[in-house]
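Before any comments, here is the structure.
Both ligands and their constituent atoms are indexed starting at 1 by order of listing. What's counted below: heavy atoms across the whole structure, side chains too, no hydrogens, waters or symmetry copies. All residue numbers in this chain count up from 1 along the given sequence.
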Amino acid sequence: MPQPIENWAERVCAGDVLAVSRAITAIENHQPEAEQLLREVFPRTGKAYLTGITGAPGTGKSTLVDRLAGHYRRANEAVGVIAVDPTSPYTGGAILGDRIRMQGHAGDAGMFIRSMATRGFLGGLARATAEVALLLDAAGKDQVLIETVGVGQDEVDIVRLADITVVILVPGMGDDVQTIKAGIMEIADIFVINKSDREGAERVEREIRALQSLALRHDGWTPPIVKTVASEGAGVDDLAAAIAGYVAYLQKEDLELKKSVQNWQERLVEMLRDVMLEKARAQFGDGNLAKLAAEVAEHKRDPYTLVEEIAAKENT
Ligand SMILES: Nc1nc2c(ncn2[C@@H]2O[C@H](COP(=O)(O)OP(=O)(O)OP(=O)(O)O)[C@@H](O)[C@H]2O)c(=O)[nH]1
Ligand SMILES: [Mg+2]
């Protein structure tokens, strides 16, 4: 195991790339040092904007993230990118693709890019992603962009912790919008129709509008639709403007803090659940748990009383 870094928290907050990289690895591996570090840097967080960018495989997420990152860099904003790789077979290609495209930023100190592997992951992926985002925030990134494939609940959980969620659609996806998971549609603060150089962009736009007319959001925001050709960089400024527009709306309506409180409410419950579960597990080592499970399976004891007993012990 690598040596712990001296003045780790300070070095993270100073944006030291090695310190940040090591910290992310510690988070991924669920190492106790990670938690201590997050505790120390937490007071220095809360400044970065987190933008989640999601969409079906191959819709151009990486290309768009790359362009958007370039846009922010030109405005002199520090950028962190977290690419959450899917567990599905696209992974190999996605990693390679991301590497090649992101190379344009090599040597740029204001830009930090990290892929998070999801395979064999210990603990919740959404939680780890949130922690990495926190870390990049502490490291002084103004914009943190999170790329995730919108296919499963894990991904929905990840984008839900973002301040701004961008959902990418592309023309020619068959019965387009209808086939997109309802869950993903609902979380969109901004829609992007990427690959607008292809035929059918207008149709996708009409379909989104039709869906939007059916469902009013409780915050009163109507997600704008931005057309892009990410591979050429077209529409990227419009997307950045749409993102800024949504942030301005949240500020105007006093929704920024409210959203954050809601977010933390969920995360606190999750963290609490993790801690309690871990405590209970530690108390009832694996063998013991199997023994108890056998007793329940053989109907020698009822699970309700058992769980109550364990929980009661937990509190003492
Ligand atoms: N025609 C066209 N091609 C594009 C556009 N944007 C991206 N592409 C191409 O689409 C392919 C997939 O782009 P990626 O950025 O890797 O897509 P992704 O959504 O990140 O893919 P995964 O991470 O594998 O899900 C690449 O070959 C891009 O060059 C666009 O606007 N128009
Ligand atoms: Mg990608």
N, O or S atom of Thr63 closer to the Mg ion (ligand 2) than 2.8 Å: no
Lys/Arg-Asp/Glu bridge criterion (N-O < 4.0 Å) met for Glu202, Arg206: no
All pairs passing ring-ring contact (aromatic ring centres under 6.0 Å, His included) where residues 197-234 contributes a residue, at least two apart: Trp221-Tyr246, Trp221-Tyr249
Lys258/Asp219 ion pair, N-O < 4.0 Å: no
Pairwise salt bridge (Lys or Arg N to Asp or Glu O under 4.0 Å) hits with a residue in residues 38-57, at least two apart: Glu35-Arg39
Salt-bridge contact Arg203-Glu207 (side-chain N to carboxylate O under 4.0 Å): yes
Where ligand 1 meets Ser62 - atom numbers and elements under 4.0 angstrom, heavy-atom basis: 15 (O), 18 (P), 20 (O)
Any Glu232 heavy atom less than 4.0 Å from ligand 1: no
Shortest-distance N, O or S atom of Glu147 relative to the Mg ion (ligand 2): OE2
N or O pair under 3.5 Å between Ser196 and ligand 1: no
Ala230 neighbourhood, listing ligand 1 atoms whose heavy-atom distance to it stays under 4.0 Å: 6 (N), 30 (C), 31 (O)
Test: Arg11 cationic atom under 6.0 Å from Trp8 six-membered ring centre, within 45° of axis: no
Which segment of Asp197 sits under 4.0 Å of ligand 1 when only heavy atoms are counted: side chain
Gly60-ligand 1 polar pair, N/O distance under 3.5 Å: yes
Short side-chain donor-acceptor distance under 3.5 Å, Gln212 and Thr222: no
From Gly58, Gly55, Pro57 - option closest to atom 21 (O) of ligand 1 by heavy atom: Gly58
